[in-house]
Asker: 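Questions regarding the structure given below will be posed in turn.
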Protein chains: 2
Amino acid sequence: MKSLIDTITAIQLESPVDKIIGQLKQLIISGQLKPGDRLPAERVLSERFGLGRSYIREAILKLEFYGLLKTNPQSGTYVAGLSINVIDNIISDIIKFNKDDFNALIEARYHLELNAVKLAAERRTEEDLASIRSAMHDYEHKISHGKDAVEEDMLFHIKIAKATKNSVIESMILILVPDLIKNIVENKVCGDNRAKTAIKEHRQILAAIETQDVLKAEEAMASHLDEIWQISKAGFAAQQIINETEN
Amino acid sequence: MKSLIDTITAIQLESPVDKIIGQLKQLIISGQLKPGDRLPAERVLSERFGLGRSYIREAILKLEFYGLLKTNPQSGTYVAGLSINVIDNIISDIIKFNKDDFNALIEARYHLELNAVKLAAERRTEEDLASIRSAMHDYEHKISHGKDAVEEDMLFHIKIAKATKNSVIESMILILVPDLIKNIVENKVCGDNRAKTAIKEHRQILAAIETQDVLKAEEAMASHLDEIWQISKAGFAAQQIINETEN
DNA sequence: ACCAATTAATTGGTCTACCAAATAAAAGTC
DNA sequence: GACTTTTATTTGGTAGACCAATTAATTGGT
């Protein structure tokens, strides 16, 4: 039962890094900084924004990850050669990007995994099959002992992602995993009955991957995730109600 | 014509940050650091790894983005409550993650955008339609003047991504955009003939989104991306040959 | 006036010192 | 002895100092 103090601490001012990113965005939009230009030196930015150089570097690092900046050691940091419009769009998205949107998370996972399982069915090697099987057995073993096995479940999916032989898709799924686990645990998707049916579904998915039946793999994964999705939704709705009644 | 010096400079040693991440991974695998534990203080890690605290912080930041660590100010940094196996898998992926894998990039884009356009067709608002139309017109305008319009093309796709109302999928597409543009420019996907057909394809996609015809939207996007994919592949193969003959 | 070689200034990379908040330890109180 | 209050220590947050590489400016020669 926590209410007032939480809502207060939740109102934290914009992080210094996002502030800097926003400022840089303004510099670009206003035309003071054109695509391809060199950024002012980190020290200059530090002074101009009234923040330590550490923050400037952190912001640059973040924008570099998104491909908007490129820094050459001992030379300077340069704005990507993208149109202002594209840069603007991406920066706006970076600032507001968070993985807390429950529905978006589950939905993205759903689509990504459907894509992944199709590719996996197509390309899996014998080693992939072995590691997927192993992960499946770990899951079943944990379940048969009446324990939670959320992570083993995810590991099964991770091994499938690896079998896609597509590092980008794999990485995207990996990025979502911790938040998915958090979500699943919080919404108690893993009931005892659920676990039993999940085992069956896993086996169907594996079977389809083994026979390289792309269509069947997709179907099996879809129904597997559909169930999880429904349960998550219900759990999330319940959680929402609890939160509301707390205020 | 560059050969020897490049292959030498290309052999850059593992970055300090990845080195630290690898070390942390070892600590976790070896059981010295269990899920839920608090990390040694940054200063301690700094001394133990023989690297400055800046690097430690950078590594922690990266792992935090992937959801593996959680740092509480003035208290400590904690390992996520995930099984060692999951953590191991994700860290391994982080270290080797790069968006330079050409085929993986295009393929991931293909699947993501197919998912996106279906959701967009389903959920687009009038505002979405307006911004998509606007982006399309910008593209056509630029093309009609005989100019390159790679970025305007991407903007068209970005607006569709925004219409999905799914921030996770949107962000994932956004992350790929700069690399996609780089790839497209390098492989000269944008020939003059190509541009003309691309305009038609864009219009078909937009039409399907307008009428909320999910299936048609998917088909239109698929054939649009298929063409780009094929051209990219050819361009990439050509580039490979050039690189090889340079040695 | 032009160009090469040398020097000076600037850059990001790296590390260390200081800060306020959070925690643990110690002292005081009943 | 149990509990509260105070103090000391440890933490991540922040800022600034130093370094080597790069780039710009200067110089000297022709």
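Please read these numbers as outputs of a predicted model, since none were measured by experiment. Convention: sequence-line order gives letters A, B, ...; per-chain numbering from 1.
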Asker: Name the closest nucleotide to the A:Leu51 side chain, picking from C:dG12, D:dA15, C:dC18.
Answerer: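 Selected nucleotide: D:dA15.
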Asker: With A:Lys159, which residues qualify under salt bridge (Lys or Arg N to Asp or Glu O under 4.0 Å), at least two apart?
Answerer: none
Asker: Salt-bridge test for B:Lys62 and B:Asp18: reply yes if a basic N is under 4.0 Å from a carboxylate O, no otherwise.
Answerer: yes
Asker: My understanding is that only residues two or more places apart in sequence, or in another chain, count here; which of them pass salt bridge (Lys or Arg N to Asp or Glu O under 4.0 Å) with B:Asp37?
Answerer: none
Asker: Over how many whole Å does the gap from B:Arg53 atom CZ to D:dT11 atom P extend?
Answerer: 10 Å
Asker: When you measure from the side chain of A:Ser46 to the backbone of A:Glu42, do you find a donor-acceptor pair of N or O atoms at a distance under 3.5 Å?
Answerer: no
Asker: Write down the distance between CD (A:Glu64) and P (C:dG12), rounded to a whole number of angstrom.
Answerer: 11 Å
Asker: Quick check against the 3.5 Å criterion: does B:Asn72 have a side-chain atom that pairs as donor or acceptor with the backbone of B:Ser75?
Answerer: no
Asker: Taking for each residue the nucleotide of DNA chain D bearing the nearest heavy atom, is the 5' side occupied by A:Ser54 or by A:Tyr78?
Answerer: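 Upstream on the strand: A:Ser54.
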Asker: I need the CD1-P distance between A:Ile56 and D:dG16, as an integer number of Å.
Answerer: 12 Å
Asker: Contact between B:Asn183 and B:Asp179 at the side-chain level, heavy atoms closer than 4.5 Å - yes or no?
Answerer: no
Asker: Can you tell me the distance, in whole Å, between the CD atom of B:Glu47 and the P atom of D:dT10?
Answerer: 14 Å
Asker: Who is the Watson-Crick or G-U wobble partner of D:dT30, with both distances under 3.5 Å?
Answerer: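 Because both required distances fall under 3.5 Å, D:dT30 counts as paired with C:dA1.
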Asker: With the sugar-phosphate defined as primed atoms, P, OP1 and OP2, and the base as all remaining atoms, what B/S/- string results for nucleotides 6-11 of chain C, 5' to 3', for protein heavy atoms under 4.0 Å?
Answerer: -----B
